[in-house]
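Computed from a predicted structure; not experimentally measured.
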Amino acid sequence: MNIEEVQSTAKKQRIATHTHIRGLGLEPSGRAIDMAAGFVGQKEAREAAGLVVDMIKQKKMAGRALLLAGPPGTGKTALALGVSQELGTKVPFCPMVGSEVYSSEVKKTEVLMENFRRAIGLRIKENKEVYEGEVTELSPEETESLTGGYGKSIGSVIIGLKTIKGTKQLRLEASIYDALIKEKVAVGDVIYIEANSGAVKRVGRSDAFATEFDLEAEEYVPLPKGEVSKKKEIVQDVTLHDLDAANARPQGGQDILSLMGQMMKPRKTEITDKLRQEINKVVNGFIDKGTAELVPGVLFIDEVHMLDMECFSYLNRALESSLSPIVIFATNRGICNVRGTDMNSPHGIPVDLLDRLVIIRTQTYGPAEMIQILAIRAQVEELHIDEESLADLGEIGQRTSLRS
């Protein structure tokens with residue numbers, strides 16, 4: 001008899017540089033805990049960042065930004081991510097580097113504005129009429145091909161849906177059959193179909209089939225309650241940039257959510273200021289009606305000393321906008337030239353913008369802290385490293401930096 005171990009088909013989460021960061025690791029009083037939320041050390045910087053989070057929540061950071069200054073590899077990006085996590089899991093976090101603005105295709109200010117818009121979220125709530133249930137029947141109906149010849153084409157599809165309260169048979173047009181094929185819908189799946197737009201969403205496999213032997217890891221969901229046809233509140237999180245890009249290439253469709261489904265592969269083209277103003281009007285209308293809620297995210301600009309005077313003057317104006325995210329700058333420079341000028345300034349930032357900034361300084365890690373950070377990373381990446389090896393790695397990190 002052969003007994004084989006079956007490998008789990010559950011998808012593994014991709015591990016990034018700051019996967020282990022889950023917040024700032026503060027007590028309710030605001031004091032930093034030695035090792036918490038993936039952070040080690042940097043207690044003063046974390047406590048200061050906690051105060052900034054409180055200011056943001058109390059809406060006292062309007063027109064201001066945060067600057068993280070310190071040597072390379074001292075956790076500036078981790079702090080920015082920690083601030084974002086403290087504000088909420090659904091808050092957009094948009095990282096960029098100062099050198100990204102220099103492109104031969106797009107203006108510098110356009111790149112900055114695009115990233116500003118990526119960092120502002122919009123939570124749209126819509127009550128839609130939907131058909132929801134477990135698929136009991138899926139029968140395409142063929143018709144004679146319109147182009148002639150012997151070929152047949154799909155004219156419509158008959159689909160049976162079942163809920164706890166009852167069943168219903170629907171005849172749908174061919175375009176919805178295409179959407180069903182794209183979502184890989186089969187008999188036994190739980191789906192919902194929007195009545196207005198015909199959009200199809202596969203929720204998962206009905207838990208009645210949970211005992212099946214399946215090669216793929218399936219998400220099993222219970223049979224929907226209520227009737228097949230119902231009103232359902234659908235919540236979708238998008239960013240203002242998503243709306244800009246979708247409206248720059250209108251493909252038809254009435255509401256914002258339908259427009260989101262029709263987005264093609266983005267091309268690097270500039271979006272006009274006039275279009276953005278129109279979208280802002282529509283967004284403000286949705287907010288006034290209560291169907292949407294604005295979620296200001298975090299825009300993190302690393303190596304801010306790489307920006308020039310044109311970018312800094314633009315940032316000064318953008319920070320005053322009513323639709324502005326929380327902006328966090330980071331730099332590892334001290335007194336240096338503002339790019340493109342012979343003017344010296346702290347961190348390479350003009351003095352008029354420095355006046356708007358709350359500055360937090362990060363310190364170099366000690367040997368013990370370096371080893372603790374390496375141990376956390378090893379645990380996250382499921383690596384087994386002995387204490388002697390960790391000590392050697394900590395010594396290398398102390399000589400160079402954590403990046404090496």
Side-chain angles (χ1 to χ4, degrees), residues 24 30 42-84 86-87 93-102 107-120 296-364:
L24 290 171
Q42 298 295 356
K43 290 174 90 170
E44 289 177 359
R46 282 156 58 201
E47 286 169 8
L51 289 172
V52 171
V53 168
D54 290 341
M55 286 169 68
I56 293 165
K57 286 179 177 175
Q58 293 167 23
K59 296 181 169 52
K60 291 181 179 175
M61 276 288 282
R64 294 188 170 275
L66 178 63
L67 173 64
L68 304 173
T74 52
K76 296 187 289 293
T77 309
L79 267 176
L81 193 57
V83 168
S84 174
E86 290 286 338
L87 291 171
F93 180 73
C94 178
M96 67 170 287
V97 183
S99 54
E100 274 182 44
V101 301
Y102 302 104
K107 294 199 297 276
K108 288 177 275 194
T109 53
E110 172 63 23
V111 175
L112 283 172
M113 178 49 80
E114 188 178 301
N115 281 287
F116 258 75
R117 307 276 286 185
R118 277 185 210 276
I120 302 169
V298 174
L299 172 61
F300 176 61
I301 305 177
D302 204 359
E303 310 289 350
V304 70
H305 53 266
M306 290 297 292
L307 301 180
D308 60 13
M309 283 302 282
E310 186 184 348
C311 296
F312 286 127
S313 61
Y314 186 80
L315 284 170
N316 253 327
R317 187 181 72 106
L319 286 171
E320 292 175 353
S321 167
S322 57
L323 290 176
S324 174
I326 295 103
V327 182
I328 302 178
F329 300 124
T331 182
N332 53 27
R333 300 293 167 93
I335 303 285
C336 63
N337 276 9
V338 177
R339 188 183 167 98
T341 70
D342 52 4
M343 180 175 67
N344 266 0
S345 185
H347 313 296
I349 301 170
V351 179
D352 57 339
L353 182 58
L354 270 175
D355 291 341
R356 290 180 179 273
L357 304 181
V358 176
I359 303 173
I360 296 176
R361 188 177 162 210
T362 57
Q363 308 285 350
T364 310

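Annotation: side chain of E44 is not in contact with side chain of T362 (no heavy-atom distance under 4.5 Å). In this structure the side chain of L68 never reaches within 4.5 angstrom of the side chain of F329, judged on heavy atoms. Y314 has its side chain within reach of M113: a pair of non-hydrogen atoms, C-beta onward, lies under 4.5 Å apart. Residues P325 and V298 are not in side-chain contact: their nearest non-hydrogen atoms beyond the backbone lie 4.5 Å or more apart. Using a 4.5 Å heavy-atom cutoff, the side chains of N316 and D352 are in contact. The closest side-chain heavy-atom distance from F300 to L81 is not below 4.5 Å. Looking at I328 and I301, their side chains never come closer than 4.5 Å, going by heavy atoms from C-beta outward. The closest side-chain heavy-atom distance from H305 to R339 is not below 4.5 Å.
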* Could you check L299 against I120 for side-chain contact (heavy atoms from CB on, under 4.5 Å), going step by step and ending with a plain yes or no? => CA-CA 9 Å; L299 172 61; I120 302 169; over 6 Å; no

* To do: Could you go through the side chain to side chain donor-acceptor pair (under 3.5 Å) check for H347 and T331 one step at a time?
  => CA-CA 7 Å; H347 313 296; T331 182; 5.1 Å; no

* To do: Carefully, step by step, assess D342 and N337 under the rule side chain to side chain donor-acceptor pair (under 3.5 Å).
  => CA-CA 6 Å; D342 52 4; N337 276 9; over 6 Å; no

* Would you check, one step at a time, whether the test side-chain contact (heavy atoms from CB on, under 4.5 Å) holds for V304 with L67? => CA-CA 9 Å; V304 70; L67 173 64; 4.3 Å; yes

* Apply salt bridge (Lys or Arg N to Asp or Glu O under 4.0 Å) to the pair E114 and R118, showing each step before the final yes or no. => CA-CA 6 Å; E114 188 178 301; R118 277 185 210 276; 2.6 Å; yes

* To do: For side-chain contact (heavy atoms from CB on, under 4.5 Å), just list the numbers for S345 and I335, CA-CA rounded to whole Å, side-chain angles, deciding distance to a tenth of an Å, and then say yes or no.
  => CA-CA 6 Å; S345 185; I335 303 285; over 6 Å; no

* With side-chain contact (heavy atoms from CB on, under 4.5 Å) as the test, would you mind laying out the steps for E310 and T109 before giving the verdict? => CA-CA 8 Å; E310 186 184 348; T109 53; 4.0 Å; yes

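Expressed to the nearest 0.5 Å, how far CZ of R333 lies from CD1 of I349 amounts to 12.0 Å. From C311, atom SG reaches atom CG of L353 across 11.5 Å, with rounding to the nearest 0.5 Å. The CZ atom of R64 sits 9.0 Å away from the CG atom of L357 when rounded to the nearest 0.5 Å. The CD atom of E47 sits 11.0 Å away from the CD1 atom of I360 when rounded to the nearest 0.5 Å. We find the CG-CG distance between L24 and L51 to be 10.5 Å, quoted to the nearest 0.5 Å. If you take CD on Q363 and CZ on R361, they are separated by 4.5 Å, rounding to the nearest 0.5 Å.
With a 6.0 Å radius and a threshold of 12 heavy atoms from other residues, nucleotides or ligands, R356 has its CZ atom above the threshold.
Across all non-hydrogen atoms, the minimal contact from E100 to V111 is O-CG1, 3.9 Å. Scanning both residues, L79 and A45, for their nearest heavy atoms gives CD1-CB, 3.8 Å. Summarising the geometry of N115 relative to C94, their closest heavy-atom pair is OD1-SG, 3.4 Å, with the distance given to 0.1 Å. The two atoms that bring S324 and P296 nearest to each other are O-CB, 4.3 Å, heavy atoms only. Summarising the geometry of G98 relative to Y102, their closest heavy-atom pair is O-CE1, 4.0 Å, with the distance given to 0.1 Å. Across all their heavy atoms, E86 and K57 have their closest contact at O-NZ, 3.6 Å.
Using a cutoff of 4.0 Å between basic side-chain nitrogens and carboxylate oxygens, D308 and K108 are scored as salt-bridged.
A side-chain donor-acceptor contact under 3.5 Å links Q42 to the backbone of T74.
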